[in-house]
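Both ligands and their constituent atoms are indexed starting at 1 by order of listing.
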Amino acid sequence: MDTHIEVAARDPNSRLLIGSRDKDVAWYKPNLISLTEPQRDLFENYSHVAPDQVIPHILKVFNQRDKAWDFLPLPCVGMFRFIDFELSMSPLYSDILSRLKAENKLLDLGCCFGQDMRKLVHDGAPPSSIFGAELRKEYVDSGYDLFLDRDTFGVKIIMADVFDTHGPLNELEDQMDMIHVGLFLHLFDWEGQRKACERMVSLLKKQEGVMVLGHQLGNLQPKDVPFGAAQKVFRHDEQTFERLWMEVGENTGSTWDVKVTLDRGMGIAENKRPWDDENTRKMTFEVVRIK
Ligand SMILES: C[S@@+](CC[C@H](N)C(=O)[O-])C[C@H]1O[C@@H](n2cnc3c(N)ncnc32)[C@H](O)[C@@H]1O
């Protein structure tokens with residue numbers, strides 16, 4: 001699925017494209033200026049890095065990141081998204097924690113370094129109630145190195161391709177109550193997103209109240225946008241995302257309530273990335289099964 005980014009790294013106007021390992025791209029931040037309080041709290045009190053060592057440890061993360069950048073230069077790696085605890089910003093976060101403490105189960109699909117799962121565990125969720133799934137072992141290994149918890153994390157991370165319907169994700173069929181997809185669905189075109197959503201439906205319990213939530217790039221003018229030189233991906237607004245879930249519902253015999261928020265987060269206002277335009281928005285969504 002990621003072969004599309006192993007392609008020519010410049011468009012016809014000589015602009016760098018996704019897939020470039022060139023560190024001049026606007027989505028590779030050369031430095032990390034400051035940490036938020038939740039980031040500092042997690043590194044000090046979950047990873048047990050001494051307060052005066054947090055910055056040196058983060059500098060070590062630069063090296064980790066460069067390893068990850070070398071094998072797969074995704075913007076989420078270049079922009080340090082792997083220390084953003086985006087799930088914890090959800091208005092539903094405290095409900096999610098309560099559900100996990102009551103033995104509901106959550107899958108973080110496309111978990112990458114797994115920062116959102118670490119935050120959940122640090123905030124009291126039982127590790128046995130959380131599962132991760134990721135295509136690339138290098139990212140998962142970088143996560144253990146970053147959060148210093150290879151022997152203590154306790155969350156099961158399954159190496160799997162979401163599109164492999166006979167693969168290792170099958171062990172979670174019909175078992176999940178919640179699935180988190182951060183910066184994930186927007187990696188695919190409409191068909192890819194539909195298939196990934198249908199796969200998520202098969203992993204969720206077949207009951208009302210199960211939920212998919214996450215965030216990604218959207219657009220006020222929904223459309224295909226180029227991703228690397230070889231592939232297009234689809235950017236939604238509220239209506240097209242709802243339509244996607246109508247299709248998913250029709251194909252899976254289920255009905256979904258779709259809530260979408262579009263705002264100017266994720267550095268969109270800086271207008272640095274060639275795939276952003278004036279209509280690009282950060283899209284946050286909660287999709288709940290109602291039938
Ligand atoms: C943009 S990153 C987002 C990481 C993380 N969820 C976050 O919010 O920071 C997308 C992740 O999805 C993974 N991925 C891409 N295609 C996948 C697939 N077909 N199956 C499973 N994971 C996949 C990538 O390896 C990458 O780690």
Side-chain angles (χ1 to χ4, degrees), residues 1-6 18-19 25 27-29 38-39 42 61 64-65 67-90 93 106-120 130-144 146-147 155-172 176 178-189 191-200 202-203 212-218 227-228 231 233-235 265-267 273 275 282-285:
M1 252 301 152
D2 54 51
T3 48
H4 56 272
I5 69 166
E6 304 292 337
I18 290 183
V25 294
W27 52 99
Y28 183 94
K29 291 194 174 179
Q39 287 167 334
L42 192 123
V61 172
Q64 301 289 354
R65 179 184 61 158
K67 273 191 232 157
W69 183 257
D70 280 346
F71 77 82
L72 193 58
L74 284 174
C76 65
V77 173
M79 299 181 80
F80 284 104
R81 296 275 175 233
F82 54 84
I83 52 170
D84 282 348
F85 307 123
E86 191 68 35
L87 178 58
S88 70
M89 308 296 183
S90 164
Y93 189 63
L106 177 140
L107 169 66
D108 191 6
L109 177 58
C111 61
C112 202
F113 285 46
Q115 71 278 17
D116 288 301
M117 300 190 292
R118 267 61 177 212
K119 177 77 175 142
L120 283 167
I130 303 170
F131 298 81
E134 174 53 51
L135 188 62
R136 293 293 206 143
K137 186 170 179 307
E138 295 91 333
Y139 285 150
V140 173
D141 284 340
S142 293
Y144 290 128
L146 176 63
F147 297 108
V155 165
K156 181 165 186 175
I157 302 183
I158 299 170
M159 301 314 308
D161 181 344
V162 71
F163 299 108
D164 177 4
T165 49
H166 302 292
L169 268 182
N170 279 3
E171 69 173 273
L172 302 185
M176 295 299 109
M178 299 168 276
I179 299 183
H180 174 243
V181 270
L183 302 173
F184 181 73
L185 289 173
H186 71 185
L187 296 174
F188 312 113
D189 64 8
E191 274 307 289
Q193 293 186 29
R194 187 181 54 70
K195 283 185 189 151
C197 291
E198 288 174 14
R199 181 76 168 132
M200 288 194 274
S202 78
L203 301 178
V212 173
L213 79 166
H215 70 292
Q216 61 193 42
L217 286 175
F227 190 68
Q231 191 191 333
V233 297
F234 194 81
R235 297 275 188 261
M266 284 172 54
R273 302 170 298 215
W275 62 89
K282 174 183 177 183
M283 180 177 131
T284 310
F285 54 87

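- Under 4.0 angstrom from ligand 1, the non-hydrogen atoms of F184 all belong to its side chain.
- With a 4.0 Å heavy-atom cut-off, ligand 1 is reached by no atom of A133.
- Residues passing the salt bridge (charged side-chain N to carboxylate O under 4.0 Å, His left out) test with E86, sequence neighbours excluded: K282.
- Ligand 1 does not have A196 within reach: every non-hydrogen atom of the residue lies 4.0 Å or more from it.
- Residue-ligand proximity, L135 to ligand 1, at heavy-atom distances under 4.0 Å covers atoms 16 (N), 17 (C), 18 (C), 21 (C), 22 (N), 23 (C).
- Annotation for ligand 1: atoms under 4.0 Å from non-hydrogen atoms of F188 are 16 (N).
- With R235 contributing its side chain and H186 its backbone, the two residues share a donor-acceptor pair below 3.5 Å.
- On a distance-only criterion, D161 and ligand 1 share at least one N/O pair closer than 3.5 Å.
- When the heavy atoms of K137, M159, E134 are ranked by distance to atom 24 (C) of ligand 1, first place goes to E134.
- Contacts of L187 with ligand 1, taken as heavy-atom pairs under 4.0 Å, involve the side chain alone.
- Within the 3.5 Å criterion, the main-chain N or O of C112 finds a donor-acceptor partner in the side chain of E134.
- With a 4.0 Å heavy-atom cut-off, ligand 1 is reached by the side chain of F163 but not by its N, CA, C or O.
- F82 approaches F147 most closely through the heavy-atom pair O-CZ, 3.9 Å.
- Residue contact check for ligand 1: Y139 places a non-hydrogen atom closer than 4.0 Å to it.
- For Q115, there are no side chain to side chain donor-acceptor pair (under 3.5 Å) partners two or more places apart in sequence or in a different chain.
- When all heavy atoms of M159 and P168 are compared, the closest pair comes out as O-CG, 3.3 Å.
- Shown here for F163 and A196, the closest heavy-atom pair between the two residues is CE2-N, 3.9 Å.
- Using a 4.0 Å cut-off between heavy atoms, Q115 contacts ligand 1 through its side chain alone, with no backbone atom that close.
- In plain terms, the two heavy atoms of G167 and R199 that are nearest each other are O-NH2, 4.4 Å.
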